[in-house]
Amino acid sequence: MNSNNVTQNSSSPLCFEDSTEAKVGKTLAYAVIMLASLLGNSAIVLVICKTQSLRNTTSYLIANMAVSDLLMPLCAMPRMVTAVHFGANRWLIGGNFGLAMCKLVPLFQDVSTAVSTQSLVLIAVDRFYNVFYPVKAAVMSLKAAKIAIPFVWLIAVILHSPYFYIYRIDTQEGEAYCLLNWSPPFDNMQAQKYYFVLLVIFLFILPFILIASLYTAVIIRLKRQQFPGQYQTENARKLREKRNKAILQLCVVIVMVFMLCWIPFVTYAFLKFFSWDTPNCGHSNIAFAAQFIAHSISAINPCVYFLFSSSYRQGLKQVFACVSRGRSSSRVLPAINEEQLEMRTRARTLSIRVL
């Protein structure tokens, strides 16, 4: 959901330009989240690749979100810094390459959001499948994730494929701007409104109705879940409850952070399209704040992963330990974690049941 869809031409010509102090402050703010996003998401991908215990469906989908979040500091944030110093939608790259980048940069920026939304849905489906069908999930879910991830990216590109047509470089008073324009064949403003509503429905409303329904079912099932009497050891039961609670907590927090970061921008967009008749000076500041909060999710997500998951923290420590010993290329083989202990206990339980 490109910010240009809703902030294009949002500033009034009567507004004064930002002061030097304001420009420096905005630039520093974006520099901080850009650096945090690059380092944090790269660390998440590295930890998952190097940590054997994190080779599971949820971690693969989180790694997919981390890769998509890397598109934010590479595409969205440089555009915002450029807008702060040169004006909204200014484009500094000329020629055919500049035109290609004018189309691709907004595409990659918004593909990132679409991939994250679909990954959150798949994580919710995976949690539902693991709780309701744990035996089948252990065999099928990882394979399904490897197949689903490429389709997630394909669907995201298809949803934003109109960008290849609507984004164009327009020259005004000798300066180039990267603007979207649906005409011909559509009325530009009406088409923007309809396309925005379509994206909101498919990338926000429907996914989060599905996510809320799945997690509600999971929470109810976990509270009512019964374990097999004499065959289930107390230690195995506690391990299973602790692991399910930890994973569910992480997933719910990720979803809540996503919603909290994007609700201000979506709200601003609805107001601009369907409520505000004419822009004023305050709208540009509101737009910047809404976009900054939305973009900051790429820096917040890695913090959430490390804060709410001991497995990610342990994996990060082990990766740093290998780097400090000069063996960064070696594979990290962590100690047995709770999930592995539970699987071993489950295997012993099944063998006892058979005997």
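Because only heavy atoms are used, hydrogens play no part in the values below, and waters and symmetry mates are left out as well, while side chains stay in.
- Y312 is listed as a side-chain neighbour of I48, based on a closest heavy-atom distance under 4.5 Å.
- When hydrophobic side chains of Ile, Leu, Val, Met, Phe, Trp and Tyr are connected at separations under 4.5 Å, F86 ends up clustered with L92.
- For the pair Y215/L248, a side-chain contact is recorded, criterion being any heavy-atom separation below 4.5 Å from C-beta on.
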With a cut-off of 3.5 Å and sequence neighbours excluded, list every side-chain donor-acceptor pair involving residues 60-77.
from	atom 1	to	atom 2	distance (Å)
N64	OD1	W153	NE1	2.7
N64	ND2	S119	OG	3.0
S68	OG	M65	O	2.7
S68	OG	S116	OG	3.1
D69	OD2	N301	ND2	3.0

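- Contacts of A148 classified as side chain to side chain contact (heavy atoms under 4.5 Å, CB included), with partners at least two apart in sequence or in another chain: L122.
- With S19 contributing its side chain and A22 its backbone, the two residues share a donor-acceptor pair below 3.5 Å.
- Relative ring orientation between W262 and F258 is described as tilted, the plane-to-plane angle lying within the 30° to 60° band.
- With sequence neighbours left out, C251 forms a disulfide (SG to SG under 2.5 Å) with no residue at all.
- Note that CG of N89 is 11.0 Å distant from OG1 of T82, once rounded to the nearest 0.5 Å.
- For L28, the side chain to side chain contact (heavy atoms under 4.5 Å, CB included) criterion is met by V24, not counting sequence neighbours.
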(request) Apply side chain to side chain contact (heavy atoms under 4.5 Å, CB included) to the pair L54 and S311, showing each step before the final yes or no. (result) CA-CA 7 Å; L54 292 176; S311 297; 3.7 Å; yes
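- Between Y195 and F273, the ring center distance fails the sub-6.0 Å criterion.
- Under 3.5 Å, the side chains of Q172 and D170 contain a donor-acceptor pair of N or O atoms.
- Residue pairs satisfying the side chain to side chain donor-acceptor pair (under 3.5 Å) criterion with at least one member in residues 90-103, sequence neighbours excluded, are absent.
- Under the salt bridge (Lys or Arg N to Asp or Glu O under 4.0 Å) criterion, the residue pairs touching residues 25-43 are D18-K26, with sequence neighbours excluded.
- Here F128 pairs with F132 under the ring pair (Phe, Tyr, Trp, His ring centres under 6.0 Å) rule; sequence neighbours left out.
- Interatomic distance, I300 CD1 to L260 CG, rounded to the nearest 0.5 Å: 9.0 Å.
- Y177 and E175 are linked by a side-chain donor-acceptor pair at a separation below 3.5 angstrom, with hydrogens and angles left out of the test.
- Atoms OH and OG, from Y30 and S37 in turn, are 11.5 Å apart once rounded to the nearest 0.5 Å.
- Taking CG of L120 as the start and CG of L210 as the end, the distance is 11.0 Å to the nearest 0.5 Å.
- F306 is listed as a side-chain neighbour of I44, based on a closest heavy-atom distance under 4.5 Å.
- Under the side chain to side chain contact (heavy atoms under 4.5 Å, CB included) criterion, M259 pairs with F208, V255, I263, not counting sequence neighbours.
- Between the side chains of S59 and N56, at least one donor-acceptor pair of N or O atoms lies under 3.5 Å.
- By the neighbour-count criterion of 12 heavy atoms within 6.0 Å, atom CZ of F151 is sparsely surrounded, having that number or fewer from other residues, nucleotides or ligands.
- Residues L307 and R313 approach most closely at O-NH1, 2.9 Å, considering heavy atoms.
- We find the CZ-CD1 distance between F204 and I201 to be 12.5 Å, quoted to the nearest 0.5 Å.
- Checked by atom type and distance alone, the side chain of S42 pairs as donor or acceptor with a backbone atom of L38 at under 3.5 Å.
- For K23, the salt bridge (charged side-chain N to carboxylate O under 4.0 Å, His left out) partners at least two apart in sequence or on another chain are E17.
- Note: F196 CZ to K272 NZ = 10.5 Å, rounded to the nearest 0.5 Å.
- Annotation for V81 and T27: closest pair CG1-CG2, 4.2 Å, computed over non-hydrogen atoms.
- Judged by distance alone, with hydrogens and angles left aside, the side-chain atoms of N41 form no donor-acceptor pair with the main-chain N or O of P302 at under 3.5 Å.
- Counting only N and O atoms by type, the side chains of S183 and N181 include a donor and acceptor under 3.5 Å apart.
- Across every non-hydrogen atom of A191 and F186, the tightest pair is CB-CB, 3.9 Å.
- The minimum heavy-atom distance between V200 and V266, with the atom names listed, is CG2-CG1, 4.3 Å.
- Under a 4.5 Å side-chain heavy-atom criterion applied to ILVMFWY residues, the cluster that includes I293 comprises that residue alone.
- When atom types are taken as modelled, the side chain of Q291 and the backbone of A287 share a donor-acceptor pair closer than 3.5 angstrom.
- The closest donor-acceptor contact from the side chain of Q118 to the backbone of A114 lies under 3.5 Å.
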(request) Walk me through it: do D110 and Y163 pass the test side chain to side chain contact (heavy atoms under 4.5 Å, CB included)? (result) CA-CA 10 Å; D110 290 354; Y163 286 16; 2.5 Å; yes
(request) Before giving the answer on side chain to side chain contact (heavy atoms under 4.5 Å, CB included), spell out for F202 and L199 the whole-Å C-alpha distance, their side-chain angles and the decisive distance to 0.1 Å. (result) CA-CA 5 Å; F202 282 99; L199 291 180; over 6 Å; no
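- In this structure, H295 has its ring center no closer than 6.0 Å to that of F292.
- Side-chain contact between R79 and P106: present, with at least one pair of heavy atoms (C-beta onward) separated by less than 4.5 Å.
- Under 3.5 Å, the side chains of T57 and Y129 contain no donor-acceptor pair of N or O atoms.
- L180 is not listed as a side-chain neighbour of R168, based on a closest heavy-atom distance of 4.5 Å or more.
- With sequence neighbours left out, F97 forms a ring pair (Phe, Tyr, Trp, His ring centres under 6.0 Å) with no residue at all.
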